[in-house]
There are 2 protein chains.
Amino acid sequence: MIRVVVVDDHEVVRKGIIAYLQTDMEIDVIGEASSGNEGATLVIEKQPDVVLMDLMMDNGSGIEATEQIMEKYPSCKVIILTSYYDDEQIFPAMEAGAFSYLLKTSSASDISRAIKKAAKGENVIEPTVAGKVFSGYRKGSEQLHESLTNRELEVLLCIGDGMTNKEISDKLYIGIKTVKTHVSNILAKLQVNDRTQAAVYVHKNKLLKEEE
Amino acid sequence: MIRVVVVDDHEVVRKGIIAYLQTDMEIDVIGEASSGNEGATLVIEKQPDVVLMDLMMDNGSGIEATEQIMEKYPSCKVIILTSYYDDEQIFPAMEAGAFSYLLKTSSASDISRAIKKAAKGENVIEPTVAGKVFSGYRKGSEQLHESLTNRELEVLLCIGDGMTNKEISDKLYIGIKTVKTHVSNILAKLQVNDRTQAAVYVHKNKLLKEEE
DNA sequence: TTTTTTCTCCGTCTTAAGACTGAGTATTTT
DNA sequence: AAAATACTCAGTCTTAAGACGGAGAAAAAA
């Protein structure tokens, strides 16, 4: 029996996956969690063979949870289960120590197959994902904003909101010249030519939390 | 018995929901589909009481499918089941004739409850969604771009891509002055102050098809 | 046929943006 | 103690952006 923990903040999805997995006699679902933190704690406690982890969750992302798990219990196989939105998250997930990377468009049987393979130590990566991995592997360009300082990130998010330099300076209580300096540094770091492209970057990388 | 059809392109999610619903004796899942078109056809054929419809699908959105269903079989109750990304889609879904609007963060029991209520003709809307509906109901402002002409929309999409006026004029084979005219008209119609805000508008309203 | 819409383009003018250089202060790292 | 990093701000300069007004041609609507 392969001992599995399922972590997903969508109860419907979680219960559904569990209901399906329970039809498989080789698989034993020994726990479930609805957030990354809860999941990491549970996994470290229960020590399952495989973890099925959703990537996008409200309270703490699947990436952080994966990092926590790999730190305390590195022999665990974490399978990232993601919807098609999170392309940009593939590399961070890999770095965090994820074992396999499945899309939710996978068939249900693909998932049980991936779990069994993971238990045997075999890596599974979606063909579509694999394509991204190889074609799009341009040395960390998918997370350029990580080189930004805190202040620069603040300014960038304002740009992503459509604010002018003046508005940003008012909001952050700094001079407009300072804002200009930050903006110039941001553009250089993101390798874009103007604030509009920076705003596009923000949205393509979904850096804004409250998209109203 | 309430006759239900489930439409979702994520097989895992679909199978999961079905597996859960089958534990409820009042509900009978009589069909499933993995795309909007397939779903619409199936619904019109099987005439279920309630349809559980995912909003974001690869082949034809849930909105189109809902429209098709309401056209041929208007007494059907379509419950939209969506993840938290698709806020902007609420109004189009309403217009298409969706009956209820549930988030995937709902608990599994919320879903069966929504199905039972829908069968009785009772409308269910998530509190978080309801908030959006009322607070954000500013007379069609969510579709301001519909007043744009074809050419203006073309230019707007270029802006959303981060292009400068010069780049746009080269791409569309028109003068830069013409581009400026279009841009000014676009900004006025979208009620924004500069191209950066216009770019933000494009992304918030997901007007770009290929978000690579 | 007349009117309206759309797309095209011109000139002028003002200002926000951004590049570049330099620099003071504080904090953290080494 | 010295060096690197982060945040702040100044001055200068160039140019893209955008507002405003005007206008011609073609196509669609009235």
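Chain identifiers are assigned alphabetically (A, B, ...) following the order of the sequence lines, protein sequences preceding nucleic acid strands; residue numbering begins at 1 within each chain. Note that the structure is predicted; figures quoted are calculated from it, not measured.
Regarding A:N150, its CG atom lies at a distance of 11 Å from the C1' atom of D:dC7, rounded to whole Å. Counting to the nearest Å, the P atom of D:dA26 and the CZ atom of B:R151 are 17 Å from each other. In this structure, CD1 of B:I186 is placed 14 Å from C1' of C:dT8, rounded to the nearest angstrom.
For B:D170, the salt bridge (charged side-chain N to carboxylate O under 4.0 Å, His left out) criterion is met by B:K166, not counting sequence neighbours.
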Fill in the blank from the handout: Protein heavy-atom contacts under 4.0 Å, written 5' to 3' over nucleotides 17-30 of chain C as B (base), S (sugar-phosphate only) or - (none), form the string BBS-----------
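Considering A:I18, A:I111, A:V4 in turn, A:V4 is the only one that fulfils the side chain to side chain contact (heavy atoms under 4.5 Å, CB included) rule with A:I27.
Taking only side-chain nitrogens and oxygens, A:T178 comes nearer than 4.0 Å to OP1 or OP2 of D:dC9. When the side-chain nitrogen and oxygen atoms of A:H182 are compared with OP1 and OP2 of D:dT8, one or more of them lie within a distance under 4.0 Å.
Summarising the geometry, atom OG1 belonging to B:T149 is positioned 9.0 Å from atom CD belonging to B:E154; distances are rounded to the nearest 0.5 Å.
With 3.5 Å as the limit, one finds a donor-acceptor pair spanning the side chains of A:E38 and A:S34.
Overall bending of the helix from C:dT1-D:dA30 to C:dT30-D:dA1, expressed as the angle between end axes built from five pairs apiece, is 50° (10° steps).
The closest side-chain heavy-atom distance from B:L172 to B:V179 is not below 4.5 Å. Taking the side chain as every heavy atom from C-beta outward, A:V43 and A:C76 approach each other to under 4.5 Å. Contact annotation: the side chain of B:M53 never approaches that of B:D8 to less than 4.5 Å [non-hydrogen atoms, C-beta and beyond]. At least one side-chain heavy atom of B:D194 sits under 4.5 Å from a side-chain heavy atom of B:Q197.
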